[in-house]
Each structure stands twice: as structure tokens, then as C-alpha cells.
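From a predicted model like this one, the values you see are computed outputs, not experimental measurements. Throughout, protein chains are lettered first and strands after them, A, B, ... in sequence-line order, and every chain is numbered starting at 1.
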Amino acid sequence: MTSHADALPFRAVDPELDFPRSEQEILEFWRRERVFERSLTARGPEAPAFTFYEGPPTANGMPHNGHVLTRVMKDLFPRFQAMQGKRALRKGGWDTHGLPVEVEVEKELRIHGKAAIQAYGVEPFVRRCIESVFRYTAEWERLTERIGFWVSLEDAYVTFHKSYVESVWWALSRLFERGLLYQGHKVVWWWAQGGTALSSGEVGQGYKTVDDPSVYALFPLVEQPHRALVVWTTTPWTLPSNGYAAVRPSTDYCVVRVGEPLPKRKAQPLELGPVEELIVAAALREQLSAKLGRELEVVGSSSSEQLEGLRYRPPFDTFAKERWGWTAKLADHDEEVPQWWRVIVEDFVALDSGTGIVHVAPAFGEDDGRAHARQRQRYADPDAVELLSAVEPDGSFKELVGTPYAGRWVKDCDKELIAELRARRLLLHEELYRHDYPFCWRAEQDPLIQFARPAWFIRTTAELARAKANNQAIQWLPPHVKDGRFGDFLDNNVDWALSRERFWGTPLNVWLCEGCDHREAPSSVAELTQRNPHAFDHWHAAKAADPTLQDDLMVHKPWIDEVTYPCPRCAGTMRRVPEVIDCWFDSGCMPFAQWGFPQLEGSREKLKEAFPANFISEAIDQTRGWFYSLLMVSTLVFDEATQRECLGETRPWPHPYERCIVLGHVSDRDGKKESKSRGNYTPPDIILDKVSMEYAVLELGQLEGGRPAVDASASRRGVALIAREDLEGMDLEEGAEVRLTSGVAPGRELRVQLRVAKHLPRRVAVLAPEDRAELGLGVAPKGLGQRPVEVPELPPEQRVRVEDPLTPAPGADAFRWFFYASSPPWNNTRHSLKNVRLYQKDYLVKLRNVYAFFTIYANIDGWRPGRCAEARPVAARPLLDRWLLSELALTVQAVTEQLEQYHAYDAALRLVDLVEGLSNWYLRRSRARFWGSGLGQDKLDAYATLHEALVTVAQLTAPFTPFFAEELYQNLVRRADPGAAVSVHLTDYPRAREERVDAELTAQMRAVRETVSLGLAVRAANRLKVRQPLARADVVLNDAALEPALRSHALLIQEELNVNELRLMVRAHTDGAVTFKLQPNFRVLGPRLGKDVQAAKQALAAVDGAQAFAELGREGRLRVLVGQTPLELSPEEVSVGVSAAPGFAAETGKVGVVVLHTTLSEELVDQGLLRELVSRVQALRKERGLAFTDRVRLRLSGTERIERVARAGLGHLQEECLASTVELLEDVSAPELELGEERVRLALERLEVP
RNA sequence: GGGCCAGUAGCUCAGGUGGUUAGAGCGCACGCCUGAUAAGCGUGAGGUCGGCAGUUCAAGUCUGCCCUGGCCCA
């Protein structure tokens, strides 16, 4: 059956705004028609590839708004490029390894530390890691689809898969062969009691404020034993492991003598033994003097450069007793120098506390470790220099420290160490120092220590020049990242600490021989099997016993640890090192590992095609993360030889990505970071699907004694109290009616009003007992202590869902658009439901209104896209049509250009401009053209123009707002033409019709719009309703060139301003309403006159503007007196502007001045009354709810003047009001209306259409 | 403590190479329109351009120092 609706040219646009609903239909359409899959193949196999790399998320947490931003940016450009004719491949990916995953699993199992994991069993632990990693995959996939992020998830790469791991092995194997892998030490935050390094996230959770000893120790100089460095440390237990003393670069130091006690100070007794003079930073001398309570007399000066290299006696001889004389050979010249106990220069030395000289124990501080690494670089054989550490991994002192310290927990020895220093006269000062120090977040009484662990490194510093060249070739957005944050990071590069003493990660593929020192890095399972055919027997046995075992696990701990093979050099056995690798290295291997290169068939071709990526995009925090790992891994692995071997050619920089869009963070509406624990977090669902949130249920009684001051009367039946922030979060006003539902009372709902209670925590709602009973709800026991983050975990009877029943959520397009259009993507974005709606209104809603208008009238007129052919050629169409099509062409040009440059924000701005002009000018000015009956030529032109504009906008906006673009396209194009491309996303991106660009017309229209605007401002300022016609408007132009332009739009201006006559003139008087203002043209005159230009300004302001302007015109120059000096000015040196004289009905703008003649003749008043009449009738029509096309019978009675006006304007009334008959009667029974001084009664009834 | 980025109207943002009345949209107020109607439109009020110095005839724009926020690193 063909319904009436199906017969319409266009499906009527739903008057209700519910974007999520139509988006669901479109999602279903895309699924059904497999539009994404088609878009990948539609351009044929020969189409050029466009490559995008997906930075893999970890799915062990819920996706949040930041993920929406990245996914939305990642989606935009491939969609655009696909419409530009490219094969835009988008392979998904999942990051699955790493410490955060292990920590999550530890939390679940309520175990902590290496030993606990081993006790639990590495095998079941690893299996739980896999489960954990995919815990929220479903949510991720749902969000991905819902926001319209097109990515191939079904063949997504997964970092723990065997093929991926083997690719990573291949890369490491390459680096190993080139000598870029070595063993060293890395300083980590170490939980000694548990034998585990903690991630920075874990460390951050465990800070406590504590008092630690702060020690000022003396390090006597070897050459001048009477002088000592005053060295500051807060970790006395690291002093036995001292290696260097560090001073700050380019800093003044002074030599002082300890003098008399300061007056009014408590001076401590000092026993300094042979030391007489102290060296401290000049800037900290007084501070130290105050601490000691003694004068410090300056007896000499020094600088960091002079101090550098001086040898000193370490405070403890733990290592010095054996190694004092040890030296090492320098790399750059043939010289042996002492390895230890020298002054070095380091940036990290601060001058805000201490002495400006810092104790460096390379094993016990990150700065210290790095400083040591730099020292090692000086030597011919860096590995010849060992690391001094007097501490065992369990946190106890080593035997070599000797009694009484050996075997004891280091921090317990602080006091005795200090006492020993004092006894040896090496202690200058001691005090307590209050600071924040990290403790283990699970074992809260255990302080962490920084501790050097043996680790494998990649020698990135060896290839740094190539990495930098690579960076230089990347197009960074914003550009400052290149030489700013990223460049700086490269400049300060240190070798990559690759290994991790953990369980869940890519195992480091280095095998060591037990018998000799032979090392190998096999690159695949196949290679291992070649070396030992039985290498994986244990795995196959395990798999036979448990067929559910995933094949990928054969390359993971614990199974891989059992793989051994005979040493090729001796009779020993090769065993793998125990470590796994940094998961950042995994992610950096993604360009080739996603294809399983080189071991998988076809991977070589795929790599060749998709290397480098055209663009990647992630947030700024990835600078040192993925941006770095990608660049570094590819720089290292793909040296020229490897490129030739793997790609068959060498590629110029950059690789592996040509462009990188660095995104800002998503913050709340106050610019604060969104955080679940603070509760200032807007879940994506609120934007995408339903404005609803869950709250913990509280009752009034729980507030007593707490901070919230709640008026007891505010809590009553039918009212829910919440925090103001929560109210704003749902974009609701106080008093809004909401729907309450509960998980324990399915199907039941309650309508209540929302009220704000001051100081209420977020995410709680106070309900009246009766209301709670209605929904079967209890209360959350924590009351005011309820934390937002815990709300979803509460039992169902303690939670209530609050939903806004009136306003649908903005939807996915709005969410996307918000991120594109609100600010450049590298700025931080202030996100809230309200803001998303704001930007939606500005663009999507406006566009939708134009679209709705179009369908209404096209349906009335039966206009179909086929009738486009009946429109005249563009050049012959009315000015307004030509203007719109010119704007359209310009916009196509600009948007395309911006998207090619990856400027999403600028492109979005252009689209907003276009839609603004389309709605606010073109349609407003064209509405009357659609009203008349029948399809005249002008109307045919208008339909064709508007239709084309809408279709083009649909295509332009398709990469940005794919859902609404699809709706437009389906209704405007495909409904009439089933042969058209199935989806807007399968069409070609619009090409600018350059022949239609009319820059002059654009400029003219701008002037017209400004003129109109000025005229309306005059009316507003003088309280002249637009409905009242005026006799005349004078437009006094600043620029003569605009005169003919405006003349051609005179009718339009008259109509907008409702004036009967328009006069255009160029810088002329109009009855004194205009004055002339002369100013220097500063750009020209400034350089000529210099300082005097200000005097010239005053002189010009003083002359009679009109006369001066006349003189300029007459003689081609102007003479003025500047002070006593005559000055001759050329026309270029003077800028003349007209402005409205005070007291006239006139306004000034850039184009010039608009003057309105405000005297009302009787005739004008009559004209005004007629318009009033029409207006009142239209209001009545609306009141009656009449359709646009309904015909009416109008009866009216009124004062004499009204009747005269009505009689004279009968035809006009009939036409404007669709009144078939207009009857003037003695008395109409209707309320009397006032029209100024006149009165009228109006009655109308609908006429049935015959 | 260091590096990078940002700070312009209530909000979100524009403001090549310095040029003298600092712009837009939204919001707000007032008004218009009533054949896009829970829509459309106009006008207006809001700014010591984060602060303080400096360079210059002239600074939102250049320089220095400082303040606030964000991120990264200590």
C-alpha cells in the first residue's frame, strides 16, 4: 500500500528534535547496507591508500570523554579522504600488556607483590590478565559504533597475540644484532619488602607527609684537606653508596669560615676537625648561616666550572677502601681518570634549599642514575664502570658495609649513620625535614626507596641524530610540539630502559648461555624450534591437557621461560632472561607488528603500502608515550639496510607518521580535569543517548550534623534534593520535573521536582521516605561520606536513576561537532551537556530548520529533485541565488583546503558561516518566494538553489556529522533517485564550482547586510517599529566603489528597512545629519612624521571636516597647521570618514552612515496600519492552529480609519492572509484590539477546500 | 623546581608582518516577525586584551619579570 506520506516528494521532517532516535535508525541502515565495508572497497584496489594508525586503547577500563575526542578526530580525516577517492584503511587495535593490567588483576585477587603472584601461580595470573584486558571490550565497541567511529575492529591487532609478539621479537633481534641492546641499571621506585618496582601511577597514590633527617655533611677535598664541600641529603642511608657530588651549572660558590655565634641565636657546638673552610653556593650561604646560628665569613669565591672535577673523600669508605685508586680510560682522548668521588655539574641541582651541592648516589635516585649514565658516556668502555650500591634488593645493607649496619633495613640505620658522621667530625648540621614521600599504596607503612635494578637498555642515544631528523620532517599540529615538548624530549634523550621485572608483557627475547657468556636474540618461535625441535614440548603437553589454552600464550610467561636450547659455542644451555619488556615498545612496533611482519604471509606488502601513516592523533600526554615509541622504534629498526631489505627501497623522512595531531584534554565546565572520584565527570551516555544519571539515595536524617544546611521543609514528597553541580551537569533548572526509576522496582517510575541543597556532595539525592517506599528504595549507609565513584557499585536498592523526561540527549553528531567546532583540538576543551547543546544549536539545529523549511514547501508544491533541470542557468538566476551559490562554492573550496591541511576547527568555522548565511540571510530573504501558489520560474530557481545547497552541505558535513548528513542525503537525494550512491559516505566530496564564485557579490552582500543592520539600529534607537513604513533612507557611503553595488540591491534594502525610498550618496551632507572626521593614515604618515604624527592627529581633528574633504578633492592636497608648522598632506595620508551627527536618526558603521527620515505622513501611517492589520490576522491564524495553506473568511469592524485602510488594502489583505473573502461589517463579535489610537475587531473562520 | 601550552565580553573562540572606536557566535536584556512557529530575526549592554615594567610616534600584537590554569617531567 502506498500511503500518502510515501507519495510526498520528501519525508516530512519530524517537528520534535530527537537526534539520538534518528541516529539509531541510521546506525541500523549502515549495518544493513554494510556502508563502512563498502566505503573501503568502493574506490577499487587501484585507488591510492590513505593510512591511519590506530593508537591502541586498553580495554580494561571504561571509555571516557577523552576517548570520544580522540576517536572523533581519528574518524574525521579518513572519512574525508575516503570521499576524496582514497582507500582509507582503518585497522583497529588493542593494547593489552603492561603494569596497569597486572595491578588491576592484583587488586581483584587482593594480592600484592612479586612473591604473592608467584605464590598464586604465574600461569593463572597471566590468564586473568587476558580476561581483565577485554573486560570492557563490549562497552568500547558500543561507544565506537555509537559515535560513528569507523574502524575495522574485527581484524584489530592485539599486542599479546603471537604474531604481534613475534614481530616485536624480530625488531629487538635486529637491534640486538646491531649492538643496540645492552645491560645496565635503572633506578625505580622500589617496594623492598615486596621486591617489586611500582608504576608511577601506583607511586602517586601513596604519598604521605613525613619528617626525614636532613643532613649537611662535609666532603673534604683531596688536594686541599682543610677545605670541604658542604653536601646536603635527606637520605643518609645512601651516603655509603656515594659516587659524586653535584653542583649547579653557571653558579657562584663561595668559600667560608665558620665564625662567631650569631647574636640571639642558639649556636650549636661544632667540631670540624681538620676542616677549616667550607664550600657552599653563594646564594645559600645566609640560609646556612642561620641554620648553624653562626656567622659564615666569606674568604674566597669559586664557580661550578672551577669546582668541576675536584676529588673529595667520600663520607664512608664502604667502596673507597678498595676502589680509591681505580681509573678508567676516556673515550675522546687517551687519559685515565678516577671513576668516583669527583665533583660533577648537573642541571637538577636546585638553589632553593640545602647548600647547592648535592650528594649523588647513582643507585638511589633517578637524577643520580641519569647523571651517572652521562658520566659513563665519557669513557671508552662505559660498561667498565660499575654501579656503587651498598643495599640488597630487600632493602638491607650489604655485608661489605660492615657492622653494625649489614643486614639491617636501611632506613633504620639513619640515626647511627648520622652519629658516626658526627663522631668522625664530618657532620655540619642535622635537622628534620618535612616533605611528601611515597609509600607502598598497599602496604602503607612501607616507605618506597629509589633503587637501581639491573635492566636491559636500548641504545637510543646512538641513533639520536636520525631520530631528530625524522622529527623535523613530521608535520606537527600544533607546530610548536616539534621543537617544543617533543624536540626537548629528544634533546634530553637517555637510553631506553626496556626491561620490566614483571609477568604480563612481551617476554624479552634474549637467551643467555649458562656455561659461557654467549647471548642470542632469536626472533620467532620457528627460529627457536630450529635450534631445539623440542623447545615447545612442554607447551604442547600443556595444551593437550587443557585445550582451552590460547595459542598466543606459548610466547608468554611462564611457558616461554621453559624454552631452552643448546649453546652453539659450548656445551651449556641457553636460557631466556626473566624479564618482559616495556609495553611502550610494543606500541612502537605497531606499524609492522599489526601485520605480523615479517613472519606472516602478505605482511610485507601490507607494510609497504601502509608505511608511513598519513596521520596519527592522540592526546598531548602521548608525547613521551606513543609518539615517541613509534618514532624511535621505526628510526632504530628501519635503518637503510633494513628498509631496502623489507620495503625494497629507502624512504625519505618522516616515518612512521607524516602528521600528528596532538589533542588537548577534556575538562569539566570549569576547566578542571574530569575525574570520577570528584564526580565532575559527564558520562558519554548523557550526551549520546539519555539525559540520566544514577545517584546514591539519602534521607534527610543523614544530613544532620553534617555541613549541608538543608531546610527541612525543602525535603518533602515529590522533591529530590541534589547538588547544584549535578543539576547543572544535567543542564536542568531548579524545579525541573524529572523521572525517577529504580532497579528494584522495574516498570515503576516517579515524577519529582529537583531542588538544590547547598553543600550536598555530588551524586547523591535526598528523597522523602514516601517516595523511597514507592520505588522500593532504602538509603546508602555512608550518607554524606558517599563518594561519587562508588555510586555505581552500590546495591540496586540504594541507587536511583534520575532522568530528564522532556529534552532528548544531543546525540553523536552533536558530540562530534562539539569537539570539532568549539576550539582547536589541541586546546583543552571544557565539556558539559550544556556546551554540547550550545554548539549543536548553532549548527545542526539551524541546518535542520532550513531543511525542514525546504521539505515543507517542496511537499506543498510537489517539487521533486528532477525539476532542478527546470531552473535557469545560475547566471540567470536572481541575485540572492547567485550569492548563495557563490558562498557555497567558496565554502567548498575552503573546507576542502582546511581538511587537506588537517585543520578541523577552521573547516568547522567555515561550515558554521555557511549555515548562518543560508538560514539567516538566504532563507529569510527568500521565504516569500516559496509562498506563492504554483511553480513559477523564480520558485523553480529557488527550489533548485536551496536543494543544491542542502545536498552540498550534507556532503561537506558528512565527515563531521555523519548521521545527520546521511539523513539529509537519504531524504533529499536517494528517496527520489534509488540509483544514486547508497550512502552519502560513498559519494565524492563536493568539488568547488569555481565559475560560480563571485567575490564581488560577496563583498556587496556584506555591505548590504551592514547597511540594513545600521538602518535597523536607527529604528531601534528611535523606537520606530519596522512595521511602520518610513518615507526615505539616506545612505552616505565612505567608499564610492560601493555605490553601484548597493544600488543593485536597493529594493532589498528598502524592504528590510521598510522605507519607500532609498538614496545612495558618497560622502555628502544630508541635511546636516552627517559629519566628516579626518584622521592621519597612520600606516603612511607614521613613518614620515614620527613623533609629530600625534600632533597632526590633533590638527586634523580641529579642522572643519567637510571643508577639508572638499579641499582634498578640489586640489589633491590638504594644508594644515601643526603647531606653528604648515604641513601639506596628500589624499593617501589622510583618512576621511563620515559619521552620524548627534541628534539625528542616523547610525555610523564601516560602510558609512544611514539616515532615516522619520516624519510620518498620513499616508505612511495608513500603510503602517495595514501592516498591523495583516500582522494581527496572522496572529489569529496561528492562534487557531491553521495550516500554512488553509484559506479563511475574514470579517472585521473597527474605527473609521481602520475600515478605510482595510478597504483600500483589500487585495493585499486577501493575498497576505490567504483570505478568500474579506468582509467589512458594522459589528463583529470579537475582542477589541488596539492598534495605536485605532481599534479593530477581527473574526476568521477556516474555509473547507473544495 | 624545570619545560611546553593557554589566559581577549558571563561562556566558547577570532584577532598575517605593531597603525589608534578590539571582533564573532552563544548567553543575557529589550524589541521585531508570525506562511520554518516549543522556530526565525534585529538591536543593545557587557572588555583597564591575566598583572607589572620596558621598547616605540604608536603595543592585544615585540621584550623582560611575575600571577593563574592545564599537561609533561622532577
Side-chain angles (χ1 to χ4, degrees), chain A residues 13 15-17 200 347-348 350-353 366-367 478 480-481 483-489 492 619-621 623-625 662 664-665 667 669-673 806 818 821-824 826-830 834-835 837-839 841-843 845-846 848-857 860 905-906 909 912-913 916 919-921 923-924 927-928 930-931 1012-1013 1015-1021 1023 1025-1027 1056 1079-1087 1089-1097 1137 1139 1147-1148 1174-1183 1186-1190 1216-1218:
Chain A
V13 178
E16 200 199 342
L17 283 178
S200 60
D347 285 328
F348 65 78
L351 290 180
D352 54 345
S353 54
E366 274 187 79
D367 278 335
H480 59 74
V481 176
D483 294 316
R485 192 176 283 211
F486 198 78
D488 283 349
F489 185 54
N492 296 311
I620 180 80
D621 55 342
T623 309
R624 286 152 190 253
V662 183
H665 284 104
S667 61
R669 48 193 290 157
D670 301 320
K672 295 264 165 24
K673 188 185 167 132
L806 284 180
F818 170 73
S822 67
S823 64
W826 39 86
N827 286 3
N828 289 351
T829 308
R830 295 184 178 204
K834 191 173 180 172
N835 278 347
R837 282 185 169 148
L838 231 55
Y839 284 91
K841 212 179 154 197
D842 204 27
Y843 180 66
V845 173
K846 209 178 258 184
R848 192 177 183 276
N849 280 324
V850 177
Y851 160 62
F853 177 96
F854 172 83
T855 54
I856 289 170
Y857 286 100
I860 289 172
Y905 176 66
D906 301 274
L909 288 184
V912 172
D913 264 0
E916 206 274 334
S919 167
N920 185 4
W921 191 245
L923 198 60
R924 181 155 75 85
R927 288 197 303 177
F930 295 93
W931 291 344
V1012 169
S1013 183
L1016 291 171
V1018 181
R1019 276 186 172 274
R1023 306 205 159 274
K1025 288 187 173 187
V1026 180
R1027 219 177 297 169
E1056 282 282 315
Q1079 265 204 334
N1081 180 353
F1082 284 96
R1083 220 181 263 274
V1084 182
L1085 214 50
L1089 295 183
K1091 205 173 291 202
D1092 296 332
V1093 78
Q1094 300 302 342
K1097 177 184 175 182
S1139 58
E1147 289 285 337
T1148 311
V1174 171
S1175 157
R1176 300 302 171 117
V1177 176
Q1178 301 289 28
L1180 267 182
R1181 286 184 63 108
K1182 185 188 168 192
E1183 215 172 277
L1186 298 184
F1188 304 146
T1189 47
D1190 285 340
E1216 288 293 311
C1217 307
L1218 294 184

Separation of B:rC41 atom C1' from A:Asn849 atom CG, nearest Å, is 13 Å
What dot-bracket string describes RNA chain B from 5' to 3', counting Watson-Crick and G-U wobble pairs whose defining distances are under 3.5 Å, with [ ] for crossing pairs and | for pairs to another strand? (((((((..((((.....[...)))).(((((.......))))).....(((((..]....)))))))))))).
List the protein contact pattern of nucleotides 25-31 of chain B with one symbol per nucleotide (5' to 3'): B for base contact, S for sugar-phosphate-only contact, - for none; contact means a heavy-atom distance under 4.0 Å. SSS----
Spell out protein contact along nucleotides 60-68 of chain B as letters: B when the base is contacted, S when just the sugar-phosphate is, - when no protein heavy atom is under 4.0 Å; keep the 5' to 3' order. ---------
Residue list, side chain to side chain donor-acceptor pair (under 3.5 Å) with A:Arg1181, at least two apart or on another chain: none
For A:Tyr851, the ring pair (Phe, Tyr, Trp, His ring centres under 6.0 Å) test, sequence neighbours excluded, returns A:Phe964
List the residues meeting salt bridge (Lys or Arg N to Asp or Glu O under 4.0 Å) with A:Glu1056, not counting sequence neighbours, and say none if there are none. A:Arg924, A:Arg925
Indicate for each nucleotide in nucleotides 15-22 of chain B, in 5' to 3' sequence, whether protein heavy atoms under 4.0 Å reach the base (B), only the sugar-phosphate (S), or nothing (-). ----BBB-
Residue set satisfying salt bridge (Lys or Arg N to Asp or Glu O under 4.0 Å) with A:Arg624, at least two apart, ordered chain then number -> none
Could you list the residues that satisfy ring pair (Phe, Tyr, Trp, His ring centres under 6.0 Å) with A:Phe818, not counting sequence neighbours? A:His831, A:Tyr839
B:rG70 phosphate, OP1 or OP2: any side-chain N/O from A:Asn828 under 4.0 angstrom? no
Please tabulate, one pair per line, each protein N/O and nucleotide N/O from nucleotides 72-74 of chain B that are separated by under 3.5 Å, including the distance.
| from | atom 1 | to | atom 2 | distance (Å) |
| --- | --- | --- | --- | --- |
| B:rC72 | O4' | A:Arg485 | NH1 | 3.2 |
| B:rC72 | O2' | A:Arg624 | NE | 2.6 |
| B:rA74 | OP1 | A:Glu366 | OE1 | 2.9 |
| B:rA74 | O3' | A:Asp367 | OD1 | 3.4 |
| B:rA74 | O3' | A:Asp367 | OD2 | 3.0 |

A:Asp483 meets the side chain to side chain contact (heavy atoms under 4.5 Å, CB included) criterion, sequence neighbours left out, with A:Gln472
Report the residues that fulfil salt bridge (Lys or Arg N to Asp or Glu O under 4.0 Å) with A:Arg848, sequence neighbours left out, ordered by chain and then residue number. none
